[in-house]
Amino acid sequence: SKASLGVMYLNGEGIPIDMVQAYKWLSLAATPTNDRGGGQKTLQIAEDKTFLEEIRGTSLKYLKIAEERMNEEQIKEAKKLAEEWQRKYK
């Protein structure tokens, strides 16, 4: 999932730490949108609204941690990458 990928980049779990990528994936996870993975919508994958709210809350928590570790340029770049991803896979 996007949230898991964001946390992996945030903590360097199996991949190098990359705050820009962490922010990108966590912000995407915190934003309700279509998930093109497998061509299914996020709501079709996880119909339980409480589960989706939990993922969003966790993503926002980790997003704040990432922001605290980033400078303005990194945040700007991460937002740009997230917007590009959304346009491409919306």
Side-chain angles (χ1 to χ4, degrees):
S1 83
K2 295 174 193 134
S4 296
L5 191 52
V7 172
M8 289 172 68
Y9 276 114
L10 181 70
N11 296 322
E13 296 174 10
I15 53 178
I17 291 174
D18 185 329
M19 291 297 115
V20 172
Q21 288 296 318
Y23 187 101
K24 171 187 144 183
W25 289 111
L26 290 166
S27 66
L28 288 168
T31 305
T33 146
N34 290 341
D35 184 349
R36 294 285 298 261
Q40 297 177 334
K41 291 184 178 184
T42 301
L43 294 177
Q44 291 171 336
I45 294 171
E47 293 178 0
D48 183 352
K49 189 174 181 179
T50 304
F51 177 72
L52 292 175
E53 289 171 0
E54 214 174 282
I55 291 172
R56 185 172 186 269
T58 300
S59 298
L60 290 170
K61 178 181 118 178
Y62 283 110
L63 188 58
K64 183 175 179 168
I65 292 169
E67 276 185 343
E68 291 171 356
R69 298 178 185 177
M70 299 169 73
N71 62 40
E72 286 184 36
E73 280 300 310
Q74 290 173 310
I75 293 171
K76 184 178 176 181
E77 176 66 17
K79 287 180 178 180
K80 178 184 167 198
L81 291 173
E83 289 170 6
E84 289 172 355
W85 190 93
Q86 283 182 320
R87 276 194 303 275
K88 186 172 181 178
Y89 297 104
K90 196 172 184 180

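Everything numeric here is computed off the predicted structure, so don't read it as measured data. For this chain, numbers begin at 1 and follow the sequence in order.
L5 and L10 are assigned to two separate hydrophobic clusters, defined by single-linkage of ILVMFWY side chains at heavy-atom distances under 4.5 Å. Both I65 and M70 are part of a single hydrophobic cluster, where members link through side-chain heavy atoms under 4.5 Å apart.
Of the inter-residue distances, the one linking Y89 atom OH with L28 atom CG reads 11.5 Å to the nearest 0.5 angstrom. Atom CD in Q74 sits 15.0 Å away from atom NZ in K24 (nearest 0.5 Å). In this structure, CG on L60 lies 12.0 Å from CD1 on I55, to the nearest 0.5 angstrom.
Legend: residues meeting side-chain contact (heavy atoms from CB on, under 4.5 Å) with S4, ordered by chain and number and at least two apart, are S1. A search for side chain to side chain donor-acceptor pair (under 3.5 Å) contacts involving Y9 returns nothing, not counting sequence neighbours. Checked against side chain to side chain donor-acceptor pair (under 3.5 Å), E84 has no partners two or more places apart in sequence or in another chain.
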For residues 75-82, run the donor-acceptor check on the side chains, cut-off 3.5 Å, and write out each pair with its distance to 0.1 Å, sequence neighbours left out.
none

Just distance, no hydrogens or angles: give the donor-acceptor pairs under 3.5 Å from side chains in residues 12-21, sequence neighbours left out.
unit_1, atom_1, unit_2, atom_2, d
E13, OE2, N11, ND2, 3.2
D18, OD1, V20, N, 3.1
D18, OD1, Q21, N, 3.1
Q21, OE1, W25, NE1, 3.3

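Judged as a side chain to side chain donor-acceptor pair (under 3.5 Å), the pairs with a partner in residues 57-70 (not counting sequence neighbours) are, in order, Y23-E67.
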